[in-house]
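Single-structure report; data block below.
Reckoned from all heavy atoms, side chains included, excluding hydrogens, waters and symmetry mates. Nothing fancy with the numbering, it's 1 onward along the sequence.
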Amino acid sequence: MTKKKLLRVLGNQKGMTGIEILLIAFFSLILVTSGMHMLAASVKHSEVDFAARRVARLIEVEGGVTPLVYTTFESLKKEIDVPDAKLQITDVNYFNAAEKTIQLKEMFKVHIVAQYHLKVLDPFGMEPIYYDIPLVGEKSGMSEVYHKP
């Protein structure tokens, strides 16, 4: 708005512009807070994606799904604050299924699935209302370890 138009709107003596300004301010506040919540969800999604990348890289270097993979995943869950995250390793041909070793140049996929709880409404004296946004991190990897038959 230009300066003259703003002064004309604020100087109007009818009283209706005050209500319009309050409504515009209210909806602007809602829009800004919603944008901040979506930014937080986006950051959390990138953290889950990063965790999937770290786990995939560890499986590549270890040559299989070892206890260190699960320990690292548990520490990443605490670090990025997603306690309900679940780890799945799919599309994998294990060289030794009992030890969960993966032969050199065998492909696999790491999936991490979590939820971001977006607080929609927090009425006084009542339970808050949440909207769950699914967060999925998916990375492919290839084993870098040769296992002798």
Side-chain angles (χ1 to χ4, degrees), residues 1-2 5-6 9-10 16-149:
M1 283 182 154
T2 63
K5 191 173 183 182
L6 183 62
V9 169
L10 292 175
M16 292 304 293
T17 57
I19 294 172
E20 291 172 3
I21 290 173
L22 285 176
L23 286 174
I24 290 171
F26 176 73
F27 286 117
S28 298
L29 181 68
I30 287 178
L31 186 65
V32 167
T33 55
S34 298
M36 290 173 59
H37 283 294
M38 286 302 165
L39 179 65
S42 176
V43 167
K44 194 62 72 174
H45 182 269
S46 69
E47 289 175 345
V48 169
D49 202 47
F50 173 75
R53 188 177 335 131
R54 289 255 322 253
V55 170
R57 182 65 187 141
L58 185 61
I59 293 172
E60 288 175 346
V61 171
E62 291 285 314
V65 183
T66 62
L68 179 62
V69 171
Y70 293 110
T71 305
T72 302
F73 175 65
E74 290 300 321
S75 68
L76 284 170
K77 276 177 30 175
K78 290 176 187 170
E79 186 179 315
I80 63 176
D81 193 30
V82 284
D84 61 341
K86 304 216 180 336
L87 173 67
Q88 297 174 338
I89 294 104
T90 59
D91 297 340
V92 61
N93 293 323
Y94 290 113
F95 177 71
N96 184 341
E99 296 177 6
K100 292 191 174 182
T101 55
I102 303 171
Q103 188 57 282
L104 179 69
K105 296 197 178 196
E106 284 289 328
M107 299 291 291
F108 61 90
K109 284 187 181 177
V110 173
H111 299 274
I112 296 180
V113 179
Q115 298 285 328
Y116 179 75
H117 307 291
L118 177 65
K119 189 185 296 185
V120 177
L121 188 61
D122 192 6
F124 296 110
M126 296 174 63
E127 289 290 321
I129 299 170
Y130 290 100
Y131 178 73
D132 291 335
I133 299 173
L135 305 173
V136 178
E138 181 177 298
K139 292 295 173 196
S140 296
M142 182 187 312
S143 177
E144 297 178 359
V145 177
Y146 177 75
H147 299 283
K148 293 182 182 179

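- Here the CG atom belonging to Leu58 is positioned 6.0 Å from the OG1 atom belonging to Thr66, to the nearest 0.5 angstrom.
- In plain terms, the two heavy atoms of Val65 and Tyr94 that are nearest each other are CG2-OH, 3.8 Å.
- The closest side-chain heavy-atom distance from Met38 to Leu118 is below 4.5 Å.
- The line from CG of Leu87 to OH of Tyr70 is 6.0 Å long, rounded to the nearest 0.5 Å.
- Side-chain contact between Val48 and His45 is absent, with no heavy atoms from C-beta onward closer than 4.5 Å.
- Here the CD1 atom belonging to Ile129 is positioned 11.5 Å from the NZ atom belonging to Lys119, to the nearest 0.5 angstrom.
- Of all heavy-atom pairs spanning Gly64 and Val69, the tightest one is O-CG2, 4.0 Å.
- Closest approach of Phe108 to Met142, counting heavy atoms only: CE2-N, 3.6 Å.
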Decide side chain to side chain contact (heavy atoms under 4.5 Å, CB included) for Glu79 and Leu76; before the verdict, give the C-alpha distance in whole Å, the side-chain angles of both, and the deciding distance to 0.1 Å. CA-CA 5 Å; Glu79 186 179 315; Leu76 284 170; 4.2 Å; yes

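- Annotation: side chain of Asp49 is in contact with side chain of Lys139 (closest heavy-atom distance under 4.5 Å).
- For the residue pair Thr72 and Arg54, the shortest heavy atom distance occurs at CG2-NH2, 4.3 Å.
- Within the 4.5 Å cutoff, no side-chain heavy atoms of Asn93 are placed close to those of Gln103.
- Of the N and O atoms on the side chains of Glu138 and His111, at least one donor lies less than 3.5 Å from an acceptor on the other residue.
- If you take CD1 on Ile102 and CD1 on Ile89, they are separated by 7.5 Å, rounding to the nearest 0.5 Å.
- Residues Ala51 and Ile80 share a closest heavy-atom pair of CB-CD1, 4.2 Å.
- Residues Ser143 and Lys105 fail the side-chain proximity criterion, which asks for heavy atoms closer than 4.5 Å.
- Smallest separation of non-hydrogen atoms from Val145 and Glu60: CG2-O, 4.0 Å.
- Put simply, OG on Ser75 and CG on Leu68 are 9.0 Å apart, with the number rounded to the nearest 0.5 Å.
- Looking at heavy atoms from C-beta onward, Lys44 lies in side-chain contact with Val82 at the 4.5 angstrom threshold.
- Contact check for His117 versus Asp84: side-chain heavy atoms found under the 4.5 Å cut-off.
- Between Phe95 and His147, the ring planes lie parallel to each other; the angle is under 30°, not in the 30° to 60° tilted range.
- A 4.5 Å side-chain heavy-atom check between Val43 and Tyr116 finds every atom pair outside the cut-off.
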